[in-house]
Structures are given as structure tokens and as C-alpha cells.
Visitor: 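Have a look at this one.
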Amino acid sequence: MEPFKLVITGAFNTGKSTFIRSLSDINAVNTDKATSSPDEQRIKANTTVAMDYGRVRLDDYTLQLFGTPGQTRFDFMRDILAKNMDGFLVLVDLSQPATIDEAATILAQFRDHGEVPYAVVANKSDLNTVISQTDLRQQLNLSPEIHIYLCTATDKNSVREVVRRFLRDAHK
Ligand SMILES: Nc1nc2c(ncn2[C@@H]2O[C@H](COP(=O)(O)OP(=O)(O)O)[C@@H](O)[C@H]2O)c(=O)[nH]1
Ligand SMILES: [Mg+2]
């Protein structure tokens, strides 16, 4: 079977690079550089500037994983990475409401790339959440058939389970 091209997107610091690192069978390719703005430096020292890349065999699938940069100034990379994708996951952090506004923008951008399966991943489920899944669904204006999966990207099993469920739900 052809590899399934899965794009992992979402706002700055939602856990995209971690998600790919946890899932990939190969050493994930990472393009993190030192963060440049003081606002970002307060949050983390490094940030993805071009892409993350990983690859994984999962059940009957071979997945190629592409992670996008989070900051809006790298928006153009999202369009490049979205070309010919077979599906995408948008990560949000329910303890950081701003990541949801950003997810709405990203969803709009990715939907323009054609009809492929997608889902929302509520990452960092080990942290306190300030927003409920119901509010998340409402804020993103998600139709009922779009799934929201809870995830802890630092936990390999959690990430594998999310992707398994996504593939299963996408191919129903
Ligand atoms: N507590 C917790 N921290 C996480 C989780 N996923 C990622 N992180 C942390 O969040 C920070 C940002 O992760 P990173 O993968 O660089 O985010 P990216 O900007 O979306 O690529 C890092 O410090 C990660 O260790 C999670 O599920 N739980
Ligand atoms: Mg990153």
C-alpha cells in the first residue's frame, strides 16, 4: 500500500514535534532553531522552523508524518506540506485557549486543500484544562462527524492509540 501522508499541525507549543517524535519508528527529522522573540523564549527555547518528519508502520499502514511550524510567520510552509496529504490532525492545548483560535485559522487553511479526513487532537490531556470538549467543538464550529481525541504526546502509547482511532474512523 502507498504510504499515508499525515500532516500534524496546530499552534506554537501544542506538542506537534513531540507527537511525531513519540510516534516515529525512525529518528524523527527535526528543524528546531532557537526561538527569536522574547514572548516565545519565555515559553520554550527552540521552535520548528521548516518541518518535522517521521515514519511509522502501524497495523496495515505505513505513515509518513509531516509536522508544520507553529508560528504564523511560517504559514507558507503549511501549504507546501499540505500538498497531496491523505489526512491531517490539528493539535490544541486545552490549558491554552489561544491555541484554539489559532486552530480555527489553520482548519480554514487546510480545508482549502481538498476533502481529506481530519480530526482535532486535544493534547496535554495530563494537564489541567480550562476549556471543555463541548466548548472546543463549538469554538471550532466542528460538525458532529469530526472527532476530537484526547492525547498526551509525551506518551508513545497515547499517540499510537490516537492515530489508530483516526485511521479507523477515517476509513469507516
Ligand atoms: N505535559 C505535557 N507536555 C507536553 C505534551 N506534549 C508536548 N509537551 C511539551 O510541550 C512543549 C512543546 O512541545 P513541542 O513538541 O515542541 O511543540 P510544537 O511547537 O507544537 O512542536 C515541550 O516542552 C513538550 O515537552 C503533553 O502531552 N503533556
Ligand atoms: Mg515543533
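Both ligands and their constituent atoms are indexed starting at 1 by order of listing. Just so it is clear, the values below take in all heavy atoms, side chains as well, and ignore hydrogens, waters and symmetry mates.
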Visitor: Which protein non-hydrogen atom lies closest to atom 15 (O) of ligand 1, naming both residue and atom, and how far is it?
Guide: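 Ranked first by proximity to atom 15 (O) of ligand 1 is Thr18 OG1, 2.5 Å.
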Visitor: Checking a contact table here: which protein heavy atom is nearest atom 19 (O) of ligand 1, and how many Å away?
Guide: Lys44 NZ, 2.6 Å
Visitor: Can you tell me the protein heavy atom closest to atom 17 (O) of ligand 1 and the distance?
Guide: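 Nearest protein contact, heavy atoms only, for atom 17 (O) of ligand 1 is Gly15 N, 3.1 Å.
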Visitor: Distance alone, cut at 3.5 Å: any donor-acceptor contact between the side chains of Tyr149 and Asp169?
Guide: yes
Visitor: What is the closest protein heavy atom to atom 11 (C) of ligand 1, and at what distance does it sit?
Guide: Asn13 OD1, 3.4 Å
Visitor: Check the side chains of Ser17 and Asp52 for a donor-acceptor pair under 3.5 angstrom, ignoring hydrogens and angles.
Guide: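 Result is yes, a qualifying pair exists.
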Visitor: Does Ser17 bring an N, O or S atom to within less than 2.8 Å of the Mg ion (ligand 2)?
Guide: yes
Visitor: Is any N or O atom of Thr14, backbone or side chain, closer than 3.5 Å to an N or O atom of ligand 1?
Guide: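 Checking ligand 1 against Thr14, an N or O pair does fall under 3.5 Å apart.
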Visitor: Identify the closest protein heavy atom to atom 28 (N) of ligand 1: which residue and atom is it, and at what distance?
Guide: Asp126 OD1, 2.8 Å
Visitor: For the backbone of Lys5 and the side chain of Asp86, can you confirm whether one donor and one acceptor N or O come within less than 3.5 Å of each other?
Guide: yes
Visitor: Under 4.0 Å from a heavy atom of Asn123: which atoms of ligand 1 are those, numbered in the order shown and with their elements?
Guide: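 Checking each atom against Asn123, I get 5 (C), 6 (N), 27 (O).
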Visitor: State plainly whether the residues Glu102 and Arg78 are in salt-bridge range, i.e. N to O under 4.0 Å.
Guide: yes
Visitor: Quick one: do Val120 and Leu127 end up in the same hydrophobic cluster if we chain Ile, Leu, Val, Met, Phe, Trp and Tyr together by side-chain heavy atoms under 4.5 Å apart?
Guide: no
Visitor: Starting from atom 3 (N) of ligand 1, what is the nearest protein heavy atom, named by residue and atom, and what distance separates them?
Guide: Lys124 CD, 4.0 Å
Visitor: With the threshold set strictly below 4.0 angstrom, can you tell me whether any protein non-hydrogen atom sits that near atom 24 (C) of ligand 1?
Guide: yes
Visitor: Check for me whether the distance between the ring centres of His171 and Tyr61 falls short of 6.0 Å.
Guide: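 Yes, ring centres under 6.0 Å apart.
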Visitor: Could you tell me, atom by atom, which parts of ligand 1 come under 4.0 Å of a heavy atom of Thr152?
Guide: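 Under 4.0 Å from Thr152, ligand 1 has these atoms: 27 (O).
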Visitor: Ignoring hydrogens, tell whether any protein atom lies closer than 4.0 Å to atom 8 (N) of ligand 1; use the non-hydrogen atoms only.
Guide: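 Flag for atom 8 (N) of ligand 1 set to true, protein heavy atom closer than 4.0 Å.
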Visitor: Has the side chain of Ser22 got a donor or acceptor atom that lies under 3.5 Å from a matching backbone atom of Ala153?
Guide: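 Such a contact is found between Ser22 side chain and Ala153 backbone.
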Visitor: Is the terminal nitrogen or CZ of Lys83 (NZ for Lys, CZ for Arg) located under 6.0 angstrom from the six-membered ring centre of Phe66 and within 45° of that ring's axis?
Guide: no
Visitor: Any idea which part of Leu127 is under 4.0 Å from ligand 1, heavy-atom wise: side chain, backbone, both or neither?
Guide: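 Only the side chain of Leu127 comes within reach of ligand 1.
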Visitor: Considering only protein heavy atoms, which is closest to atom 27 (O) of ligand 1, and at what distance to one decimal place?
Guide: Ala153 N, 2.9 Å
Visitor: Between Arg21 and ligand 1, which part of the residue brings a heavy atom under 4.0 Å of the ligand: side chain, backbone, both or neither?
Guide: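 No part of Arg21 comes within reach of ligand 1.
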Visitor: For a quick test of reading the model, state the closest non-hydrogen atom pair linking Thr68 to Gly10 and the distance between them.
Guide: OG1-N, 4.3 Å
Visitor: If I compare all heavy atoms of Cys151 with all of Val159, which pair ends up nearest, and what's the gap?
Guide: SG-CG2, 4.0 Å
Visitor: Could you tell me whether Lys16 and ligand 1 have an N or O pair separated by under 3.5 Å?
Guide: yes
